Chemist: 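A single structure is presented below for examination.
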Amino acid sequence: MKKVMMGNEAVARGAWEAGLHVATAYPGTPSSEILESISKYPEIYSEWCTNEKVALEVATGASFAGARALVAMKHVGLNVAADPLFSLSYIGATGGIVIVTADDPSMHSSQNEQDNRHYARAAKIPVLEPSDSEEARRFMKIALQMSEEFDTPVLLRLTTRISHTRTVVNTEERKEIPIKKYEKDFKKRVILPMNARTLHYKVEERTKKLREFANNFKENKIEMKSKDIGIITDSISYQYVKEVFPLASVLKIAMPWPFPYKLAREFASSVSRLLCIEENDPFIEGYIRQLGIEVEGKDKVPMVLELNPDRVARSFGVDYGDPVEVKVDDLPPRPPSLCPGCPHTGFFYIANKLKLIVTGDIGCYTLGALPPLNAIDTCVEMGASITNAHGIQLALRAEGNEDIKKVVGVIGDSTFFHSGITGLINTYYNGGIGTVVILDNRTTAMTGHQGHPGIGRTLMGTPGRKIDIPKFIKGIGIEHVYTVEPYDIERIEEVLKREIARDDISVVIVKGPCVLISEFERKAYFYVDEDKCNGCKLCLGVGCPAISMEGDYSRIDKYLCTGCSLCARVCPFDAIVQKEDK
Amino acid sequence: MNTVSIVVCGVGGQGVLTASDIISIIALKGGYDVKKSEVHGMSQRGGSVISEVRFGDKVYSPLITDGMADYILSFEKLEALRNLTRLKKGGAVISNDYEIKPASVLMGKFDYPLDIIERIKSTGVELTLVDGVGLALEAGNIRTVNTVLLAALARKLSFEKELWIKSTLERVPKKTHEVNRKAFELGYNL
């Protein structure tokens, strides 16, 4: 049946059709919809894990016991899961196991544009790259088959434009695959050095077989047209190549590692001019050059940011598109911002006011770094807020700097469970001081409101066990744990001042639901009483998208206002008033 | 058929993705190959949002870059101008006559441009400016703005009007079917 499906939905469909049994993930753009889609198929057990390492380990266990398993994550998630990945490469698969990585060229919602094809080479596991949703569905099935046939985990690499593009898919029905019987296998699954040495020989043998397979793999395909120009390409770049160079011959690489040398040499020798067009790193190009073949590639095609038809055309001086001429480079930018009524805003307002040194983390709340809040000093990766804060304090303590009492680590609830806990334990164990603020908005907001261990609801909709964050932290041994309301900034200020002054470790939890989830209760809107407003613009300091200056007075958009009261609390003239009735 | 390329744009939360979804489903029902790009994650939080829909006998690139678009359907005026270079000469713009000030304007760092309409018109493209809010209120519910705008686009494309209405109603709550039908008529008969 023909359907329009997002790449991520198509991966889920393919997995279901291939008889998948277990699926795990930690949400992360652009990968999150894979597990959300899988959770709609009752034949597959699926769960949100606390982080990507955990997710891969759970899927590995399922594979050990003979089930077909999938684990999905965004590109940087694979860094977290890299440890089990490299071991799993040696151990191999019992039930088929596929790791789906969704890379994010252009960093639409990420901190870097790492190219995860490199992980395939580094971990010595095959990688498949679909170029649309139909291929995403089919390649998922091929990947599970390959995994079992070659006794290897398989990497399925998507990018944002594959994950989040809807294209036509021809769906098929599910084929049930029986779960293999569990058998103890010491030499395979216990990678003590004595076993690992044998296993590494097996990996190298496997790579030889996979390389032979790659040369004959029918998805690595040559589309011969003009012999004047031949283009080697992969993933979404294939679509741009077909768009911009309709007459060129194309070698479409579906499996860039192990690289199909023989096929590439054959293609290169049949065309007079050879181009290589791929996003980010010169991964394929490197292999072509290894063969001693001249190729036009990253000397022309940009390494930074995603490709598109325009960038591909301009790289080779091709005219493409006939745009209207108009000046648009002077327009006001519209970057993302925290929502009106966001429960994170109050803390950032106070952090900025107190001039704290704030180490940040990954989530919507990273936007607290932007003006007018300007409240975050650092953001590195998931979980780094608590550990970075500890490190900054060590340096400041060494030089006797008074600012040591201004360092605060800030982390979201889901990120805390992902990788904040180990850092907090580290600070506690090593006698660190300082305040950690957990912004608990009762969800994993930025990736689309997935559950986590603090919510008590599983991906499959069943009630889960719920972790009480303050109780948990007190259980570690931390004495000073306080929970505050997100809009009560007087109280947030009072508690923060008290806690940062302390010669001990403390945790402040700012707890209130994200405005985009059903738990949030919208209240009557606020408006500006122009008789009292003197145009001081202090209310603009909260950075609420609903507030603007209109002439001499500030104005609140009543449709955007959620009634959170933050602006009214910062107004020194009581000029911001709540409407009586909704 | 040659590929038809439509840029749907607006501000996060306005319903850009739902609108482009409806267009892509209609194109599939019309028997075409179709591709549609979306943005998720951080870029959705109140920032500029773009979704691109392309349909025809065979579609390759899901992205629509400069000079490729036949139509721009914008839910906000400034976003129509921001994406205007994607339009090919002879293309058409359908824009909601509605302003949402970006943070850079709210904070007084930029002025919201006053010459948006003039700039669009100066390129010689066809511009349909739709009083989305006014017509939605006339239909009976401010939330039908998107239906009004979709209908204004529907008028320019070759698919059956009933197919548009049916596909739109499938995406809205049942109790709003009547107002949405009315909103569609108002947008279609501009």
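The figures that follow rest on heavy atoms only: side chains count, while hydrogens, waters and symmetry mates do not. These numbers were taken from a predicted model, which means no experiment stands behind them.
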Chemist: Does either side chain, that of A/Y238 or that of A/E223, offer a donor lying less than 3.5 Å from an acceptor on the other one?
Modeler: yes
Chemist: Does A/R166 form a salt bridge (Lys or Arg N to Asp or Glu O under 4.0 Å) with A/E9? I'd like the steps, not just the answer.
Modeler: CA-CA 9 Å; A/R166 288 177 195 270; A/E9 290 174 300; 3.1 Å; yes
Chemist: Quick check: does any side chain N or O of B/E76 sit under 3.5 Å from a backbone N or O of B/I100, one acting as donor and the other as acceptor?
Modeler: yes
Chemist: Once you round to the nearest 0.5 Å, how far does CE of A/M73 lie from CG of A/L35?
Modeler: 9.5 Å
Chemist: Does any backbone or side-chain atom of B/R86 lie under 4.5 Å from a heavy atom of chain A? Answer side chain, backbone, both or neither.
Modeler: neither
Chemist: Only pairs of heavy atoms separated by less than 4.5 Å count here; which of A/K327, A/M549, A/E550, A/K537 has the most with chain B?
Modeler: A/K327
Chemist: Kindly confirm or rule out a cation-pi arrangement of B/K161 over B/Y188, judged by NZ or CZ under 6.0 Å from the six-membered ring centre and within 45° of its axis?
Modeler: yes
Chemist: Side chain, backbone, both or neither: which part of A/P335 has a non-hydrogen atom closer than 4.5 Å to chain B?
Modeler: backbone
Chemist: Using a cut-off of under 4.5 Å on heavy-atom pairs, state which of A/D330, A/V241, A/L560 scores highest against chain B.
Modeler: A/D330
Chemist: Let me know if A/I547 has heavy atoms under 4.5 Å from chain B in its side chain, its backbone, both or neither.
Modeler: backbone
Chemist: What is the minimum heavy-atom distance between B/V179 and B/A139, and which atoms define it?
Modeler: CG1-O, 3.3 Å
Chemist: Using heavy-atom distances under 4.5 Å, tell me whether A/K3 contacts chain B through its side chain, its backbone, both, or neither.
Modeler: backbone
Chemist: Which region of A/L516, side chain (C-beta onward) or backbone (N, CA, C, O), has a non-hydrogen atom less than 4.5 Å from a non-hydrogen atom of chain B, or is it both or neither?
Modeler: side chain
Chemist: Side chain, backbone, both or neither: which part of B/V105 has a heavy atom under 4.5 Å from chain A?
Modeler: side chain
Chemist: Tell me if the CG atom of A/N170 is crowded by more than 12 foreign heavy atoms within 6.0 Å.
Modeler: yes
Chemist: If we define contacts as heavy-atom pairs under 4.5 Å, which of A/K2, A/R555, A/R311, A/E33 has the most with chain B?
Modeler: A/E33
Chemist: What part of B/I25 gets closer than 4.5 Å to chain A, counting heavy atoms only: side chain, backbone, both or neither?
Modeler: neither
Chemist: Would you confirm whether B/S51, through its side chain, and B/E38, through its main-chain N or O, come within 3.5 Å as a donor-acceptor pair?
Modeler: no
Chemist: Quick check on the interface: out of A/S110, A/G7, A/G321, A/P309, who has the most heavy-atom pairs with chain B under 4.5 Å?
Modeler: A/P309
Chemist: Can you tell which part of A/D329 gets under 4.5 Å to a heavy atom of chain B, answering side chain, backbone, both or neither?
Modeler: neither
Chemist: Taking the six-membered ring of A/Y240 as reference, does the cationic atom of A/K242 (NZ for Lys, CZ for Arg) lie under 6.0 Å from its centre and within 45° of its axis?
Modeler: no
Chemist: Identify which part of B/N83 has an atom lying under 4.5 Å from any heavy atom of chain A, answering side chain, backbone, both or neither.
Modeler: neither
Chemist: Which region of A/L307, side chain (C-beta onward) or backbone (N, CA, C, O), has a non-hydrogen atom less than 4.5 Å from a non-hydrogen atom of chain B, or is it both or neither?
Modeler: backbone
Chemist: State, without any angle test, whether B/N180 and B/T147 hold a side-chain donor-acceptor pair at a distance under 3.5 Å.
Modeler: yes
Chemist: Looking at A/V324, A/I236, A/L540, which has the largest count of heavy-atom pairs under 4.5 Å with chain B?
Modeler: A/V324
Chemist: At their closest point, which heavy atom of B/S24 faces which heavy atom of B/K36, and how far apart are they?
Modeler: OG-CD, 3.9 Å
Chemist: Does any backbone or side-chain atom of A/C544 lie under 4.5 Å from a heavy atom of chain B? Answer side chain, backbone, both or neither.
Modeler: backbone
Chemist: Given heavy-atom pairs under 4.5 angstrom as the criterion, report whether the side chain, backbone, both or neither of A/E134 touches chain B.
Modeler: neither
Chemist: If I measure from the heavy atoms of chain B, does A/P371 come under 4.5 Å with its side chain, its backbone, both, or neither?
Modeler: both
Chemist: Is it the backbone or the side chain of B/K109 that comes under 4.5 Å from a heavy atom of chain A, or both, or neither?
Modeler: side chain
Chemist: Distance-only, no hydrogens or angles: does the A/S548 side chain make a donor-acceptor pair with backbone N or O of B/L106 under 3.5 Å?
Modeler: no
Chemist: If you count heavy-atom pairs within less than 4.5 Å of chain B, which of A/L370, A/D557, A/V328, A/D132 leads?
Modeler: A/V328
